[in-house]
Enquirer: 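Structure incoming, see below.
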2 protein chains.
Amino acid sequence: MVTIRDIARRAGVSITTVSRTLREPAVVRPDKRERVHQAIAEMNYVPNAIAQQLRRPRHETVIVIVPAIDNPFFADIVQNIELVAHERGYRVLIGETQSRQDRLDHYADMVTTRLADGLILLGALLPSQMRDARTAGLPAPLPLVFACERSDSAYGPHVVIDNHGAARTAVAHLIATGCRRIATITGPLDNLLCQDRLAGYRAELAAAGLPQDPALVAEGDFSLGSGRAAMLRLLAGADRPDAVFCASDQMAIGALQAIAAAGLAVPGDIAVVGFDDLPFGAFTVPPLTTIRQPTAAIGATAMRMLDALLHGRDLPERTVVLPHQLVVRASSVAGPPLAPDPPAQPEPPDRQETLA
Amino acid sequence: MVTIRDIARRAGVSITTVSRTLREPAVVRPDKRERVHQAIAEMNYVPNAIAQQLRRPRHETVIVIVPAIDNPFFADIVQNIELVAHERGYRVLIGETQSRQDRLDHYADMVTTRLADGLILLGALLPSQMRDARTAGLPAPLPLVFACERSDSAYGPHVVIDNHGAARTAVAHLIATGCRRIATITGPLDNLLCQDRLAGYRAELAAAGLPQDPALVAEGDFSLGSGRAAMLRLLAGADRPDAVFCASDQMAIGALQAIAAAGLAVPGDIAVVGFDDLPFGAFTVPPLTTIRQPTAAIGATAMRMLDALLHGRDLPERTVVLPHQLVVRASSVAGPPLAPDPPAQPEPPDRQETLA
DNA sequence: ATGAAAGCGCTAACAA
DNA sequence: TTGTTAGCGCTTTCAT
């Protein structure tokens with residue numbers, strides 16, 4: 001391995017000059033600088049980043065944790081995290097956990113052991129060390145921010161949407177189109193966010209004076225297959241629903257297929273509303289009405305928050321709530337959807353400033 | 001920051017003993033070991049991985065490069081890379097490039113600068129340093145393996161499928177079901193893999209004695225939207241196709257929607273075959289006939305190859321070709337698809353042994 | 001079984 | 001502007 005010392009020898013300068021040539025070239029006399037560059041080229045020298053890091057306080061590296069890389073909902077968030085991260089000189093690495101504690105802990109350890117600076121969690125699973133520290137009453141042992149999953153906010157800043165409100169919006173829309181027997185396919189109910197959506201569904205039914213029927217609630221796990229299975233269960237009931245609100249687009253797509261397989265029409269027999277606004281949702285037959293999550297803003301805001309955290313600018317356990325949006329397509333209203341999808345909402349400008 | 005020295009002082013031992021307690025506990029006398037552990041716990045000591053790495057030859061870390069994290073095709077490959085990687089003690093980090101050279105180079109630099117050990121490329125883009133080295137006639141400057149995208153095999157080992165043959169399989173299936181005017185929606189044609197699939201399509205038409213019509217070839221970019229747009233173009237032609245072979249499931253899903261929007265039936269008016277076997281493909285209406293790529297085997301094999309490479313076991317520029325599989329669903333044959341999807345094919349056992 | 005000491009490759013005072 | 005030197009936190013001989 002060729003080291004800085006080899007270059008120094010070859011160029012006939014000190015190792016300091018080599019180091020400076022790489023770091024503050026302006027300070028080095030052009031002829032020496034030239035010789036150093038030449039030696040580097042000739043010997044094919046690449047500085048050892050590990051050794052560099054040993055002397056640096058930070059790495060400008062963040063890790064984004066996704067529970068499952070095959071869930072397309074996270075993709076756009078990640079891409080927007082990257083946008084802001086690169087803008088600010090961070091490198092971003094993605095880690096997939098499959099919702100397993102050991103995997104998450106492994107990535108979290110990279111931060112504690114100084115291989116990376118901070119974490120953005122797209123998922124509610126908490127690093128063990130974080131949990132341990134909090135139960136011991138200690139301060140947060142690592143900088144992290146939660147994006148789009150709720151958890152105890154004592155653990156770190158959150159950026160979320162109003163899941164309760166969004167569910168109400170979706171159900172209100174179904175009621176407005178004339179549906180009266182509205183079912184819901186929930187996500188895993190040990191998940192706070194799913195509980196919120198279910199509660200919103202119930203609240204809106206209650207507000208509209210519609211009866212609650214436990215037979216109209218089916219639990220899924222966010223996946224395509226679980227959506228289909230849940231819909232099949234709902235269809236098997238004695239009194240068929242005339243609409244279904246799904247807590248994810250993936251489950252809604254599964255439901256769409258189950259309904260088609262039963263020979264029923266969407267939205268004629270059953271209207272369907274999803275949640276997330278996945279790209280695929282615009283391409284189902286019929287296209288899917290859904291709640292659009294502000295993925296771009298979620299990602300950008302989360303990264304800004306982490307940046308602030310890493311610079312010691314304290315975000316006092318702050319929770320940012322971003323606006324959602326109902327996107328109406330043909331799965332909930334009859335007739336061809338003539339208007340194109342609404343544009344994504346611009347980010348609230350005040351956030352931009354606060355966290356710039 | 002608490003260092004190994006602090007622990008040594010607190011425990012009344014040398015730093016060597018602390019280090020050994022962590023690395024080879026068996027060699028340390030139990031009482032001292034105990035004192036060290038206690039000091040560690042009391043002072044909340046976490047070894048600095050950067051400093052550790054400085055003295056270690058390897059990191060047991062690999063980076064998987066995906067062109068776009070929102071392309072679900074890569075998800076299963078990545079998950080299987082992780083499976084084998086963890087089994088063998090590697091940590092895996094994912095980097096997204098958006099097909100941009102600078103981003104790829106950034107991740108590749110992590111290997112040259114010794115922050116990671118090797119790269120698995122899910123995409124054909126080549127690290128600049130690799131290209132430079134090869135044009136200069138130098139050996140590969142970093143350990144990498146290509147998974148599922150073809151490129152000049154001089155750059156490193158490949159694991160691929162027979163794209164030409166797979167396209168022929170797909171088209172042969174359409175011909176067998178009675179289609180005669182078969183269109184194709186290709187991926188970006190600067191991509192070798194897409195050229196292979198197009199060539200396979202042409203070869204099979206030729207073999208069947210069917211005429212080639214340039215009006216039946218439309219180029220897309222793998223995305224949902226490009227599939228819809230391409231299908232619209234094909235439908236606008238004077239003589240409508242009775243089938244379309246799409247070079248990705250995403251484009252096939254787009255095509256499905258365009259066909260439905262035109263008021264045509266699948267497969268009655270137009271049969272559709274995709275490529276990849278995305279989970280979503282089983283959930284379209286009708287479910288999508290497709291070519292299943294052996295994603296599990298691709299991921300596992302790629303990781304095994306990289307592992308071999310990192311252990312200096314030379315894979316002499318080797319190319320592994322894995323088998324694909326036609327999955328017939330209702331988008332290409334009338335009548336309900338009664339049989340469930342075929343199980344994924346087991347990996348060819350010889351590979352397992354060769355690379356174990 | 002233990003510890004002293006010599007680095008790993010680099011950066012950053014400090015001196016010149 | 002340049003070079004000398006003292007570490008960064010850790011692992012690993014080599015004595016003891």
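Computed from a predicted structure; not experimentally measured. Here is the naming used below: chain letters follow the sequence lines, and residue numbers restart at 1 for every chain.
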Enquirer: Which side chain to side chain donor-acceptor pair (under 3.5 Å) pairs, counting each pair once, include a residue from residues 30-43 of chain A, with sequence neighbours left out?
Expert: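 Those involving residues 30-43 of chain A are A:Arg10-A:Glu42, A:Arg29-A:Asp31, A:Gln38-A:Glu42.
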
Enquirer: Taking the side chain as everything from C-beta on, heavy atoms only, tell me whether B:Asp109 gets closer than 4.5 Å to B:Gln129.
Expert: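 Answer yes - side chains close enough.
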
Enquirer: Using whole Å, report how far CE of B:Met1 lies from C1' of D:dG7.
Expert: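 Interatomic distance, CE of B:Met1 to C1' of D:dG7: 14 Å.
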
Enquirer: If you take all heavy atoms of A:Cys148 and A:Ile77, which pair is closest and at what distance?
Expert: SG-CD1, 3.9 Å

Enquirer: For a quick test of reading the model, state the closest non-hydrogen atom pair linking B:Ala147 to B:Leu122 and the distance between them.
Expert: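 So the minimum-distance heavy-atom pair works out to CB-CD2, 3.3 Å.
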
Enquirer: Nearest whole Å is fine: how far is D:dG9 P from A:Asn48 CG?
Expert: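 From A:Asn48 CG to D:dG9 P: 17 Å.
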
Enquirer: The criterion is side-chain contact (heavy atoms from CB on, under 4.5 Å); which residues satisfy it with B:Arg55, sequence neighbours excluded?
Expert: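 By the side-chain contact (heavy atoms from CB on, under 4.5 Å) rule, B:Arg55 matches no residue at all.
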
Enquirer: I'd like to check the side-chain contact (heavy atoms from CB on, under 4.5 Å) partners of B:Ile40; sequence neighbours left out, ordered by chain and number.
Expert: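 With neighbours one apart ignored, the set is B:Ile7, B:Leu22, B:Val36, B:Tyr45.
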
Enquirer: Taking only side-chain nitrogens and oxygens of B:Gln53, does any of them come within less than 4.0 Å of OP1 or OP2 of D:dC10?
Expert: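 It does not, given that no N or O in the side chain of B:Gln53 lies less than 4.0 Å from OP1 or OP2 of D:dC10.
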
Enquirer: What parts of residues 110-118 of chain B reach DNA chain D, counting only heavy atoms under 4.0 Å away?
Expert: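 Residues of residues 110-118 of chain B under 4.0 Å from DNA chain D: none.
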
Enquirer: Of the residues in residues 11-18 of chain B, which ones touch DNA chain C at a heavy-atom distance under 4.0 Å?
Expert: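 Hits under 4.0 Å, by residue number: B:Val13, B:Ser14, B:Thr16, B:Thr17.
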
Enquirer: Calculate, to the nearest 0.5 Å, the distance between atoms CD and CD belonging to B:Glu96 and A:Glu82 respectively.
Expert: 4.5 Å

Enquirer: For the residue pair B:Leu322 and B:Thr301, what are the closest heavy atoms and their distance?
Expert: CD2-OG1, 4.0 Å

Enquirer: Going by ring-ring contact (aromatic ring centres under 6.0 Å, His included), name the pairs with one or both residues in residues 126-148 of chain B, residues two or more places apart or in two chains.
Expert: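 Applying ring-ring contact (aromatic ring centres under 6.0 Å, His included) to every pair that reaches into residues 126-148 of chain B, excluding sequence neighbours, yields B:Phe146-B:His158.
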
Enquirer: Taking atom P of D:dT4 as reference, at what distance in whole Å does atom CD1 of A:Ile4 sit?
Expert: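 About 14 Å, once rounded to whole Å.
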
Enquirer: I need the CZ-P distance between B:Arg5 and D:dC10, as an integer number of Å.
Expert: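 Going from B:Arg5 (CZ) to D:dC10 (P), I get 8 Å.
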
Enquirer: Whole-Å distance between D:dC14 P and B:Arg20 CZ?
Expert: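 After rounding, the reported distance stands at 14 Å.
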
Enquirer: Which is the 5'-most and which the 3'-most nucleotide of DNA chain C that has an atom under 4.0 Å from a heavy atom of chain A?
Expert: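 Contacts span C:dG9 to C:dA13, reading 5' to 3'.
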
Enquirer: By side-chain contact (heavy atoms from CB on, under 4.5 Å), which residues pair with A:Leu193, not counting sequence neighbours?
Expert: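 Applying side-chain contact (heavy atoms from CB on, under 4.5 Å) to A:Leu193 gives A:Glu149, A:Asn163, A:Asn191, A:Arg197, A:Phe222.
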
Enquirer: Figure out the CD/P separation between A:Gln52 and D:dG9, and round it to whole Å.
Expert: 17 Å

Enquirer: For the side chain of A:Leu54, counting heavy atoms from C-beta on, which of D:dG9, D:dC10, D:dG3 is nearest?
Expert: D:dG9

Enquirer: Check the side chains of A:Gln101 and A:Asp105 for a donor-acceptor pair under 3.5 angstrom, ignoring hydrogens and angles.
Expert: yes

Enquirer: How long is the line joining CD1 of B:Ile50 and P of D:dT11, in whole Å?
Expert: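 So the two atoms are 13 Å apart, to the nearest Å.
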
Enquirer: I need the minimum non-hydrogen distance between A:Arg88 and A:Asp307, along with the two atoms involved.
Expert: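 Heavy atoms only, the tightest pair is NH1-OD2, 2.7 Å.
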
Enquirer: Could you tell me, to 10°, how much the axis swings from one end of the helix from C:dA1-D:dT16 to C:dA16-D:dT1 to the other, five pairs per end?
Expert: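 Here the helix ends are tilted 40° relative to one another.
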
Enquirer: Taking all heavy atoms of A:Leu309 and all of A:Val145, pick out the closest pair and write down the distance.
Expert: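 Taking every non-hydrogen atom into account, CD2-CG1, 4.4 Å.
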
Enquirer: Name each donor-acceptor pair under 3.5 Å that joins a side chain in residues 59-74 of chain A to protein atoms two or more places apart or in another chain, with its distance.
Expert:
from	atom 1	to	atom 2	distance (Å)
A:His59	NE2	A:Arg114	O	2.7
A:Glu60	OE1	A:Arg58	NH2	3.3
A:Thr61	OG1	A:His59	O	3.2
A:Asn71	OD1	A:Phe73	N	2.9

Enquirer: Of the residues in residues 23-42 of chain B, which ones touch DNA chain C at a heavy-atom distance under 4.0 Å?
Expert: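 Under 4.0 Å from DNA chain C: B:Val27, B:Val28, B:Arg29, B:Lys32.
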
Enquirer: As a test of reading the structure: which of D:dG7, D:dG3, D:dT11 is closest to the side chain of A:Arg55, going by heavy atoms?
Expert: D:dG7

Enquirer: In chain order, what residues pass the side-chain contact (heavy atoms from CB on, under 4.5 Å) check against A:Ser14, with sequence neighbours excluded?
Expert: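 Checked A:Ser14 against side-chain contact (heavy atoms from CB on, under 4.5 Å); matches are A:Thr16, A:Thr17.
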
Enquirer: Please name the pair of heavy atoms, one in A:Leu93 and one in B:Tyr107, separated by the smallest distance, quoted to 0.1 Å.
Expert: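 Minimum heavy-atom contact is CD1-CE2, 3.5 Å.
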
